[in-house]
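See structure below.
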Amino acid sequence: MKGLELSQRYYEAYGRAMIEERFCEIADQTAAGLAGAGSECLGFDDEISMDHDYGPSFCIWLPREVYVQYGARMQAAYEALPQEFMGFSGRVCEEQGQGRVGVLCLEDFYRGILGYDRAPVTEQEWLTVPEENLATAVSGMVFEDRSGSFTQIRNDLMQYYPRMVWVRRLAQSLAKAAQTGQYNYARAMKRGERIAAELSLSEFVRESMKVVYLLNRRYAPYDKWLRRGMKELSQCAEIGDMLDLLYTIPDPAAAWEGVTAQDYVYNLNTEDGRILIIEAVCNIIVQELNAQGLSDRQDNFLQNHLQAVLQSGGVS
């Protein structure tokens, strides 16, 4: 059973009654759900995930002034709830998983993820928050929010980046994808620097996936779940399958044997299948940039689209 479903059923079986019967005086100031860090909050948990930080549990978020007065007592009541539920034993947390469930201070929850106890406001504030943290902040599910305070911040974040921030982040990932995949990879292979080439290829894969999230206006999760999350996107979704192919191509070293410094300066070594996939991925990205009115250029080198992308967002 997925962690989110287990959490919701556990809350409905025990959590709601605990709040209404034992803390009725503050029930209207509580929010409950499961959100934050963890594969279960993204909905990506599976049998492998069940070996840690899994089991019947949920979060209760309280405003700071309420948390200070009631937090310890409510946590004790939470810990006294039945540990066994629907055949699953109680949640066993690893050290880094401590404090993810139970009774939490609303403001501290968001501050711990974002650095702010609210959604970012200024362009600079938005740019200081790592994108995977934004994905974490809007993950999971809110089962109930009687005051609406927790959900209001969540909804503000779900409105996504202001346009100027969005195009800056998009331009940044486009630049990195161009530099690593369309430039550094081939140059490293020409030099026989295989580790440098593999690092460049990995960075291209990461940044091209981030571009896809940005073009879908979805926050990208941390690296472990980038590819998995792409399956839920609509625009440029085929790029995920194309990137998968990169790791099925036989060792391309032979394609670079005998290549001189003057070879493939202004054209592509099409004997290396990785090059073909990199360029195909970039072509799909360019088509989507055109379709969304972010650039009217047609050439495949992503670097050449940066100025148009930035200007489309009012960034000079």
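Nothing here was measured: the structure is a model prediction, and the numbers come from that model.
- Side-chain N/O atoms of E207 and S173 include a donor and acceptor closer than 3.5 Å.
- Judged purely by distance below 3.5 Å, without hydrogens or angles, the side chains of Y185 and D272 pair a donor atom with an acceptor atom.
- Using a 4.0 Å cut-off between charged nitrogen and carboxylate oxygen, R297 and D299 count as a salt-bridge pair.
- With hydrogens and angles left out, the side-chain atoms of Q235 and N216 include no donor and acceptor closer than 3.5 Å.
- Under a 4.0 Å N-O distance rule, the pair E12/R9 does not qualify as a salt bridge.
- No salt bridge links E131 with R218; every basic N to acidic carboxylate O contact stays at or beyond 4.0 Å.
- In terms of heavy atoms, L245 sits closest to T248 at O-OG1, 2.8 Å.
- Heavy atoms only, all atoms of each residue included: C41 and A35 are closest at SG-C, 3.6 Å.
- Side-chain rings of Y219 and Y161 approach one another, their centers coming within less than 6.0 Å.
- Residues D241 and R227 are paired through a salt bridge, judged by an N-O separation under 4.0 Å between the basic side chain and the carboxylate.
- Judged purely by distance below 3.5 Å, without hydrogens or angles, the side chains of N283 and Q287 pair a donor atom with an acceptor atom.
- Ring geometry, F44 versus W225: the interplanar angle falls from 30° to 60°, so the pair is classed tilted.
- Scanning both residues, S7 and L34, for their nearest heavy atoms gives OG-CB, 3.6 Å.
- Counting only N and O atoms by type, the side chains of D263 and T260 include a donor and acceptor under 3.5 Å apart.
- Salt-bridge formation is not detected for the pair D28/R146: no Lys NZ or Arg NE/NH1/NH2 atom is positioned less than 4.0 Å from an Asp or Glu carboxylate oxygen.
- In summary, D251 and R194 engage in a salt bridge, as defined by a charged side-chain N under 4.0 Å from a carboxylate O.
- Minimum interatomic distance between A237 and L233 (heavy atoms only, all atoms of both residues): CB-O, 3.6 Å.
- Taking the charged nitrogens against the carboxylate oxygens, R16 and E144 do have a contact shorter than 4.0 Å, which makes a salt bridge.
- Of the charged side-chain nitrogens involved, none lies within less than 4.0 Å of a carboxylate oxygen, so that R154 and D145 do not count as a salt-bridged pair.
- Using a 30° and 60° split on the angle between ring planes, Y10 and F58 fall in the tilted class, from 30° to 60°.
- Ion pairing of R118 with E107 is absent here, as no side-chain N (NZ or NE/NH1/NH2) approaches a carboxylate O to less than 4.0 Å.
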